[in-house]
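Keep in mind that this is a model prediction, so the values were computed, not measured. Proteins get letters first, then strands, A, B, ... in listed order; numbering begins at 1 in each.
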Amino acid sequence: MMLSSPYLIYILAAYGLSLIGLGAFFAWTFFSWKRSSQKSQDFSKDKLEG
Amino acid sequence: MKQIWARPSFFFKITNPIFPGVLILTGLLFAAGLYTGLLASPPDYQQGDAMRIMYIHVPASWMALFVYAFLGLMSLFILVWRHPLAEVLAVSAVPIGALFTILSLTTGSLWGKPMWGAYWVWDARLTSVLVLLFLYGGYWALYKAYSHPGQGIRAASLLALVGVINLPIIKGSVTWWNTLHQPASLTKLSSPSIHPTMLTPLILMAGAYFFYFVSVLILRTRTELNMRKLYVWEGMR
Amino acid sequence: MIQRELRNLRLQGASLFASFSFFTLALFCLSLALGPNEKILRECAPAFVWILAILTTLFSTPLFLKNEAKAGLLDEVLLQPSPPSLYLLSKMGAEILLLGLPLIFLGALLSPFFALSQDDVAALSATLLIGFPALSALGILGGLLTLNTRPSSLLIPLLILPLTLPLPLFALSIMEMTRLGLDSSAPFCLLISVSLLLVIVSLGAGSWALRFAVEG
């Protein structure tokens, strides 16, 4: 039903943009968190050993 | 008591156990919202299937404004009580708010083209959302322009509060400006009254967006706290 | 107090002159670029004059502040018993006299470039007169917020321009109504109240910003 709508491209564009945008932002946030906790763990290990 | 509030360990103690739950809740709400929005609900008799864009446009707009209100509240805490956790929360929230604003503008634009024939009009709501984007950008630019983040956050918080006052003023003035020029577009662009069948997906998506904000905020706050720890340790070396 | 501010501002005569030149030259270029069509000129002129007034103020005011800060004048302000907002008010007053009035006068002087009628010029000057205090106050706020930042000339307009928006919106409504011959008392009241509101908010926030900037 929806696939035949004349507005399909707008709907796809809007939903696609939103979901991809939200997903990409989440991924970026997640990986920057991973990197920062990695760094701080390395750092505290250095501190304890050094 | 306030000192306990402000310590990062307090933040971790509260958020670490609930974070997985929040994440799962976000996913579930998105799934439910997308299902009911795209598949399980009927198309609008006037707008057809394009009305479904409302389910991702309106929550984005709501969250864009909510995050700015959140930022305003945090800025108040920063300026009046120098609350350290508020500083971290504020800085973490700004990019998310900007994201929601951009999504609101783009989905709104994509909704506007098939519905009312234009990607953009200078009506009150669109203009004030655009201004909101500039306010987010201005906050970030001001914060980053200081080499010392402690100074930067205070200047930026002040800007955020001035922005909170200005947002309704701008909205009011553009409404007024538009009633003079284009009364027709105002009535055309006002949203239709909500049907119950449309309300469910809308609420579900709104919830999904809200918990998305919470999960991303927690992640960004953790990141920011880690970075600050590193910043301090680097300084102590 | 105002006298002191006037003196300070006059000492920065070079920057003042640069502001006037910028305003005049830009207006001249715009009128040239629009072409000879009188109707278009008449319609677009108020917008251009207003935008240039905003830009000139937003670029010049923080510059004056930075120069004064370098001279150490701002630290003295906090040592005074009187509240800093009073100082900012006098600074705004001095700016209105030395920057604002000449700009408004220049705008009126250059109106023949834009084929404006006498009513138009009167209305435009009135809107600028009402709006300029707000522009000056916002410029002061912008300058104070960015006093200790790494130098970046585009930062302040980015921050403050969105906040100035209500002013040109109302002013342009007034100009439109004047052009159509309608009674424009309603937008005038709105313009006055918005300008006043912005002045109060900016000066209030400005005194906080001053404290932050000086304390560091």
**OP:** Working to the nearest 0.5 Å, report the span between CG of A/Leu12 and CD1 of B/Ile53.
**Re:** 9.5 Å
**OP:** Check whether B/Ile96 gets within reach of chain A through its side chain, its backbone, both or neither, counting any heavy atom under 4.5 Å.
**Re:** both
**OP:** Using a cut-off of 6.0 Å, state whether more than 12 heavy atoms not belonging to B/Leu28 lie near its atom CG.
**Re:** yes
**OP:** Heavy-atom distances under 4.5 Å only: say whether B/Ile218 touches chain A with side chain, backbone, both or neither.
**Re:** neither
**OP:** Quick one: pull up CG in A/Leu17 and OG1 in B/Thr107 and give me the separation to the nearest 0.5 Å.
**Re:** 8.0 Å
Original post:
Atom NZ in A/Lys39, atom NZ in B/Lys229: separation rounded to 0.5 Å?
Top reply: 13.5 Å
Original post:
To the nearest 0.5 Å, what is the distance between CZ (B/Arg228) and OG (A/Ser36)?
Top reply: 13.0 Å
Original post:
Rounded to the nearest 0.5 Å, how far does CZ of A/Phe30 lie from OG1 of B/Thr223?
Top reply: 10.0 Å
Original post:
Counting heavy-atom pairs under 4.5 Å to chain A, which of B/Pro114, B/Ser215, B/Gly108 comes out on top?
Top reply: B/Pro114
**OP:** Could you look at B/Leu219 and say if it's the side chain, the backbone, both or neither that has a heavy atom under 4.5 Å from chain A?
**Re:** both
Original post:
What distance do A/Gln41 atom CD and B/Asn226 atom CG have between them, rounded to the nearest 0.5 Å?
Top reply: 8.5 Å
**OP:** Name the option with the most non-hydrogen atom pairs under 4.5 Å to chain B; the candidates are A/Ser18, A/Ser32, A/Ser37.
**Re:** A/Ser18
Subject >> Whether A/Tyr15 side chain and B/Arg52 backbone form a donor-acceptor pair below 3.5 Å >> reply: yes
Subject >> B/Leu99 portion near chain A, given a 4.5 angstrom heavy-atom threshold >> reply: side chain
Original post:
So which heavy atom on B/Leu230 is nearest to which on A/Ser40, and how close?
Top reply: CD2-CA, 3.9 Å
**OP:** Determine, step by step, whether B/Phe100 and A/Phe25 satisfy the side-chain contact (heavy atoms from CB on, under 4.5 Å) criterion, reporting the C-alpha distance in whole Å, the side-chain angles of both residues, the deciding distance to 0.1 Å, and the verdict.
**Re:** CA-CA 11 Å; B/Phe100 286 137; A/Phe25 190 84; over 6 Å; no
Original post:
Side chain, backbone, both or neither: which part of A/Leu22 has a heavy atom under 4.5 Å from chain B?
Top reply: both
